[in-house]
J.: 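Please see the structure below; I have some questions.
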Amino acid sequence: MNLFSDIRTTVLSALEAMQSEGALPAGLDFANVTVEPPRDASHGDMASNAAMVLAKPAAMNPRVIAEALAAHLTADPRIESVEVAGPGFLNMRLSVTLWQGVLAKILDQGADFGRADTGQGKKVNVEYVSANPTGPLHVGHTRGAVFGDALASLLDYAGYAVTREYYINDGGAQVDVLARSVYLRYQEAHGQEVAFEDGTYPGDYLIPVGKALKEKVGDAYLGKPESEWLLEIREYATEAMMDLIRADLASLGIKMDVFYSEKSLYGTGRIEAAIAALKDKGLIYEGVLEPPKGKKPEDWEPREQTLFKSTAHGDDVDRPVMKSDGAWTYFAPDIAYHYDKVMRGFDMLIDVFGADHGGYVKRMKAAVSALSDGKVPLDVKLTQLVKLYKNGEPFKMSKRAGTFVTLRDVVDQVGPGATRFHMLTRKNDAPLDFDFDKVLEQSKDNPVFYVQYANARVNSVLRKAEAAGLDLSAAPDLSQINHEAEINVAKKLAEWPRLVELAARTNEPHRIAFYLFDLASEFHALWNRGNDLPELRFLQDGEDATSVAKIALARSVQVVICAGLGILGVEPVEEMR
RNA sequence: GCACCCAUAGCUCAGCUGGAUAGAGCGCUGCCCUCCGAAGGCAGAGGUCGAUGGUUCGAAUCCAUCUGGGUGCACCA
């Protein structure tokens with residue numbers, strides 16, 4: 001349970017009490033009343049804007065409202081003091097026992113402390129990665145993969161029923177190219193000279209696929225026209241690539257619930273059904289698009305196409321769903337795929353795309369809005385570029401030069417945990433610098449290390465406690481946790497449930513990473529003060545009860561750090577080496 | 001030309017459905033530690049929040065216009 005919403009409830013009932021006393025007019029809307037941590041700690045533990053928000057509708061001076069509200073709130077034993085400040089802020093200091101109670105709750109609930117019911121069990125589908133099945137995942141995919149996976153975990157923690165999904169683009173021309181490329185490797189495996197022309201994939205990763213194909217079918221396809229092997233090899237190669245991709249994802253600890261095949265939409269009437277659904281709504285018509293203004297493609301000519309009236313749902317121009325030759329455009333199966341998601345009963349859809357697909361957002365939202373009659377929201381999160389560095393020097397990638405960096409390269413070098421955490425130290429729509437050396441650096445400017453180090457220090461305390469023969473199963477006397485530096489840590493811990501809700505509401509898992517860094521900082525600050533003030537150390541010689549209480553604080557920190565790392569998909573390390 | 005994203009300290013970036021004197025890390029300055037919890041700690045300097053208007057009791061946050069950067073713009077996915 002979120003302490004801030006607890007206190008907000010208290011404030012609201014105080015306001016209602018004022019109304020029944022006639023100290024405040026009836027019929028006010030309290031929706032904008034907030035209770036938040038003030039930016040400046042000298043303003044107390046929690047601040048409310050109630051008086052200022054209500055001043056106008058109540059036609060009263062905000063300070064008058066604030067004073068009356070303060071009088072009501074001081075009656076609450078949890079609130080130690082209330083003061084009115086500035087234009088009408090209500091600053092509250094909460095009693096120490098309340099913060100001590102937070103620790104008790106953390107120890108009682110464990111990793112569930114902070115679990116929210118924001119989602120109320122609603123079904124949400126998170127689609128991410130969805131890379132073409134034509135090769136291994138590269139760094140660009142890595143960010144989308146980590147972001148999408150952490151977002152899915154976050155939403156799960158916030159009470160949603162989450163489905164992790166990967167859309168396999170196995171229906172377009174690119175898988176034909178893949179098949180031809182594999183055929184070349186297959187010929188090569190038979191000892192033939194081959195040349196990779198433009199429009200084929202020359203990557204080494206197809207060599208074993210060609211060899212394996214030779215093992216499987218022998219020389220059955222040799223010297224045969226494309227028409228006799230294209231379908232079979234395409235099938236075979238796509239499967240091989242998906243195995244590769246699944247393994248790449250697994251190396252980051254990612255496991256999808258659903259792999260959805262684009263190909264499965266063709267020839268099954270599903271695209272037709274989705275387009276028909278749009279047609280029923282009067283959103284499909286035959287027409288000719290205007291040429292794009294300004295930059296006009298050289299080969300542009302007016303063509304009549306089947307168009308989706310996406311402008312009716314917020315898009316800038318209508319979009320073609322069928323080419324002039326009668327084949328579906330790439331947009332058509334995407335519509336059908338999202339229609340399928342809607343039909344599967346999801347209450348909310350999230351697509352994670354690379355930033356280069358930004359131009360695709362509006363039409364996708366238009367499609368989902370149209371197909372669900374505006375009932376199912378689609379949030380599209382774009383992940384920006386990852387710039388690679390090695391020791392501060394930009395690391396140029398080039399497919400030709402062979403300096404093409406794959407997801408596997410990154411994970412093999414820095415490990416899944418550091419990769420994941422670092423990828424989440426930026427907002428998804430901000431570019432990210434990834435330095436292979438700095439990610440592994442053991443210093444304060446590396447948040448991965450700093451957070452892990454906090455957890456490791458707790459483990460160190462626990463090991464020493466065990467060695468000293470302390471009995472940690474006894475209930476700690478938390479009233480001994482009363483020093484300001486200790487209470488500050490408890491206050492930070494109390495913010496955790498609220499932060500989870502905020503991060504889930506905005507679909508922004510990076511907030512978890514930043515919070516963990518803040519919490520670790522608070523914990524390290526307490527640890528460091530133990531250098532000067534021995535009474536702040538976690539282990540107090542000869543005073544077992546005190547040690548047990550202080551260790552309870554350390555364990556609370558560990559519980560929340562591990563819960564947070566769990567959302568990010570980062571394995572906590574036992575000790576730093 | 002249009003659409004979307006971005007612009008905050010010297011650098012890299014946070015900033016809560018609009019809240020008080022805008023924060024962190026690095027870098028910089030000063031002090032502390034060289035056996036007892038320092039893979040460091042404490043303190044400080046550093047900002048017209050890209051610009052100009054507007055809404056509001058109150059704007060880095062919302063709206064409009066402009067500037068600068070990124071991405072994308074029929075019959076490729």
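Below, read A as the first sequence line, B as the second, and so on, with proteins coming before strands; counting in each chain starts at 1. Keep in mind that the numbers below use all heavy atoms, side chains included, and drop hydrogens, waters and symmetry copies.
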J.: For a quick check of understanding: with a heavy-atom distance under 4.0 Å over all strands, which category does A:V321 fall into, base, sugar-phosphate or nothing?
T.: nothing
J.: Between A:H138 and A:H141, how do the two ring planes meet: parallel, tilted or perpendicular, split at 30° and 60°?
T.: tilted
J.: Spell out yes or no: do the side chain of A:R303 and the base of B:rC75 have one donor N/O and one acceptor N/O closer than 3.5 Å?
T.: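 Yes, the side chain and the base share a sub-3.5 Å donor-acceptor pair.
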J.: Within the structure shown, what part of the strands sits under 4.0 Å from A:A355 by heavy-atom distance: base, sugar-phosphate, or nothing?
T.: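 Sugar-phosphate contact only - A:A355 comes under 4.0 Å of backbone atoms but never of a base.
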J.: What about A:R511: does its side chain form a donor-acceptor pair under 3.5 Å with the base of B:rC16?
T.: no
J.: Rounded to whole angstrom, note down the C1' distance from B:rC13 over to B:rG18.
T.: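 It comes out at 22 Å once rounded to the nearest Å.
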J.: Report the distance from atom CG of A:L526 to atom P of B:rG41, rounded to the nearest whole Å.
T.: 14 Å
J.: With sequence neighbours left out, which residue pairs that include part of residues 45-66 of chain A fulfil the salt bridge (charged side-chain N to carboxylate O under 4.0 Å, His left out) condition?
T.: A:D45-A:K491
J.: Going by the rule side-chain hydrogen bond (donor to acceptor under 3.5 Å, both in side chains), which residues pair with A:D351 if we only count those two or more places apart in sequence or in a different chain?
T.: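 With sequence neighbours excluded, A:D351 shows a side-chain hydrogen bond (donor to acceptor under 3.5 Å, both in side chains) to A:H338, A:K341, given in chain and number order.
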J.: Over how many whole Å does the gap from A:L432 atom CG to B:rA14 atom C1' extend?
T.: 14 Å
J.: If pairs are Watson-Crick or G-U with both distances under 3.5 Å, what is the dot-bracket string of RNA chain B, marking crossing pairs with [ ] and pairs to another strand with |?
T.: (((((.(..((((.....[...)))).(((((.......))))).....(((((..]....)))))).)))))....
J.: Indicate, with a heavy-atom threshold strictly under 4.0 Å, whether A:A47 touches base, sugar-phosphate, or nothing.
T.: base
J.: Tell me, for nucleotides 22-36 of chain B in 5' to 3' order, what letter each nucleotide earns: B for a base near a protein heavy atom under 4.0 Å, S for only sugar-phosphate near one, - for neither?
T.: S-SSS----------
J.: Can you tell me which residue pairs pass the side chain to side chain donor-acceptor pair (under 3.5 Å) test with a partner in residues 535-544 of chain A, sequence neighbours excluded?
T.: none
J.: How does protein reach along nucleotides 3-9 of chain B, written 5' to 3' as B (base within reach of a heavy atom under 4.0 Å), S (only sugar-phosphate), or - (no contact)?
T.: SSSS---
J.: Could you check whether A:F436 and A:F434 have their ring centres less than 6.0 Å apart?
T.: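 They qualify: ring centres under 6.0 Å apart.
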J.: Rounding to an integer number of Å, can you tell me how far A:K492 NZ sits from B:rC16 P?
T.: 14 Å
J.: Under 4.0 Å, heavy atoms only, any strand: does A:N91 hit a base, just the sugar-phosphate, or nothing?
T.: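 Base, at least one base heavy atom under 4.0 Å.
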J.: Return the set of residues passing side chain to side chain contact (heavy atoms under 4.5 Å, CB included) with A:N169 (not counting sequence neighbours), or none when no residue passes.
T.: A:N132, A:P133, A:Y167, A:Q174, A:E262
J.: Using atom P in both nucleotides, what's the gap between B:rG41 and B:rG54 to the nearest angstrom?
T.: 47 Å
J.: Roughly, in whole Å, what's the span from CD in A:E441 to C1' in B:rU12?
T.: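 Atom-to-atom, A:E441 to B:rU12, this comes out as 14 Å.
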J.: Counting any heavy atom closer than 4.0 Å, what does A:F89 reach on the DNA or RNA strands: base, sugar-phosphate only, or nothing?
T.: base
J.: Measuring only the C1' atom in each nucleotide, how far is B:rG46 from B:rG27? A whole number of Å is fine.
T.: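 Straight-line distance between the two C1' atoms is 11 Å.
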J.: Could you work out which one of B:rC16, B:rA20, B:rU71 sits closest to the side chain of A:P37?
T.: B:rC16
J.: Heavy-atom count check: over 12 atoms from other residues, nucleotides or ligands less than 6.0 Å from A:K390 NZ?
T.: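 Yes, the 6.0 Å shell around NZ holds more than 12 heavy atoms from other groups.
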J.: Between A:E301 and A:E508, just flag the one whose closest nucleotide in RNA chain B comes earlier from the 5' side.
T.: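 Its nearest nucleotide being more 5', the pick is A:E508.
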J.: Checking A:E486 against A:L526 for the side-chain contact (heavy atoms from CB on, under 4.5 Å) test, could you report, in this order, the C-alpha distance in whole Å, the side-chain angles of both residues, the deciding distance, and whether it holds?
T.: CA-CA 7 Å; A:E486 294 170 332; A:L526 172 61; 3.9 Å; yes
J.: Taking atom P of B:rA20 as reference, at what distance in whole Å does atom CE of A:M46 sit?
T.: 18 Å
J.: When the P atoms of B:rG1 and B:rU65 are compared, how many Å lie between them, rounded to an integer?
T.: 15 Å
J.: Side chain of A:L289: nearest nucleotide among B:rC76, B:rA14, B:rA74?
T.: B:rA74
J.: What distance, rounded to whole Å, do you find between the two P atoms, one in B:rC49 and one in B:rC11?
T.: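 Here B:rC49 and B:rC11 have their P atoms 16 Å from each other.
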J.: Considering only the C1' atoms, how many Å lie between B:rG10 and B:rA77, rounded to the nearest integer?
T.: 44 Å
J.: Protein-nucleotides 43-45 of chain B N/O pairs closer than 3.5 Å?
T.:
none

J.: Quick one: list whatever passes side chain to side chain contact (heavy atoms under 4.5 Å, CB included) with A:L230, sequence neighbours left out.
T.: A:D176, A:A179, A:R180, A:E226
J.: Step through it carefully: locate the ring centre of A:Y260, locate the ring centre of A:Y337, and say whether they are under 6.0 Å apart.
T.: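 Yes, close enough.
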J.: Side chain of A:E36, heavy atoms from C-beta onward: which of B:rA77, B:rC16, B:rA20 has the nearest atom to it?
T.: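 From the listed options, B:rC16 comes nearest.
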J.: Fit a plane to each ring of A:H524 and A:Y450, take the angle between them on a 0 to 90° scale, and name the class: parallel (under 30°), tilted (30 to 60°) or perpendicular (over 60°).
T.: tilted
J.: Below 30° counts as parallel, above 60° as perpendicular, anything between as tilted: where do the rings of A:H510 and A:F514 land?
T.: perpendicular
J.: Mind calculating the distance between CD (A:Q305) and C1' (B:rA74) to the nearest angstrom?
T.: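 Computing the A:Q305:CD to B:rA74:C1' distance gives 6 Å.
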J.: Under 4.0 angstrom, heavy atoms only, what part of the nucleic acid is A:A31 near: base, sugar-phosphate, or nothing?
T.: base
J.: On the nucleotide B:rG15, are OP1 or OP2 found under 4.0 Å from the side-chain N or O atoms that A:H510 carries?
T.: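 Indeed, a polar side-chain atom of A:H510 lies that close.
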J.: B:rG50 and B:rA9: how far apart are their C1' atoms, nearest whole angstrom?
T.: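 Pairwise C1' distance, B:rG50 against B:rA9, rounds to 15 Å.
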J.: Going by side chain to side chain contact (heavy atoms under 4.5 Å, CB included), name the residues that satisfy it together with A:N91, two or more places apart in sequence or in a different chain.
T.: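 Listed in chain order: A:H43, A:A47, A:E83, A:A85, A:F89.
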J.: Establish, with yes or no, whether the OP1 or OP2 oxygen of B:rC57 is under 4.0 angstrom from a side-chain nitrogen or oxygen of A:K56.
T.: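 Yes, because at least one side-chain N or O of A:K56 sits under 4.0 Å from OP1 or OP2 of B:rC57.
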J.: Taking only N and O in the side chain of A:R505, is any of them less than 4.0 Å away from OP1 or OP2 of B:rU17?
T.: yes
J.: Just to confirm, is there a sub-4.0 Å distance from OP1 or OP2 of B:rA39 to any side-chain nitrogen or oxygen of A:Y453?
T.: yes
J.: Taking the C1' atom of each, how far is B:rU17 from B:rA59, in whole Å?
T.: 15 Å
J.: Which part of the nucleic acid does A:F449 contact within heavy-atom distance under 4.0 Å: base, sugar-phosphate only, or nothing?
T.: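 Here A:F449 touches no strand at all.
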J.: Verify the neighbour count for atom CD of A:E466: are there more than 12 heavy atoms of other residues, nucleotides or ligands below 6.0 Å?
T.: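 At most 12 heavy atoms, drawn from other residues, nucleotides or ligands, come within 6.0 Å of this atom.
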J.: Partners of A:N507 by side-chain hydrogen bond (donor to acceptor under 3.5 Å, both in side chains), sequence neighbours excluded?
T.: A:D379
J.: Which listed nucleotide (B:rA14, B:rA77, B:rU71) is nearest to the side chain of A:E262?
T.: B:rA77
J.: Sequence neighbours left out, what passes side chain to side chain contact (heavy atoms under 4.5 Å, CB included) with A:D316? Give chain and number order.
T.: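 Partners of A:D316 under the side chain to side chain contact (heavy atoms under 4.5 Å, CB included) test: A:K362.
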J.: With nearest nucleotide decided by heavy atoms, which residue, A:N32 or A:K464, maps closer to the 5′ end of RNA chain B?
T.: A:N32
J.: Could you tell me whether A:F523 and A:F538 have their ring centroids closer than 6.0 angstrom?
T.: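 Ring centroids of A:F523 and A:F538 are less than 6.0 Å from each other.
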J.: Quickly work out the A:F4 CZ to B:rC16 P distance and round it to whole Å.
T.: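 So the two atoms are 15 Å apart, to the nearest Å.
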J.: Stacking between A:H357 and the base of B:rG72 (centre distance under 5.5 Å, interplanar angle under 30°)?
T.: no
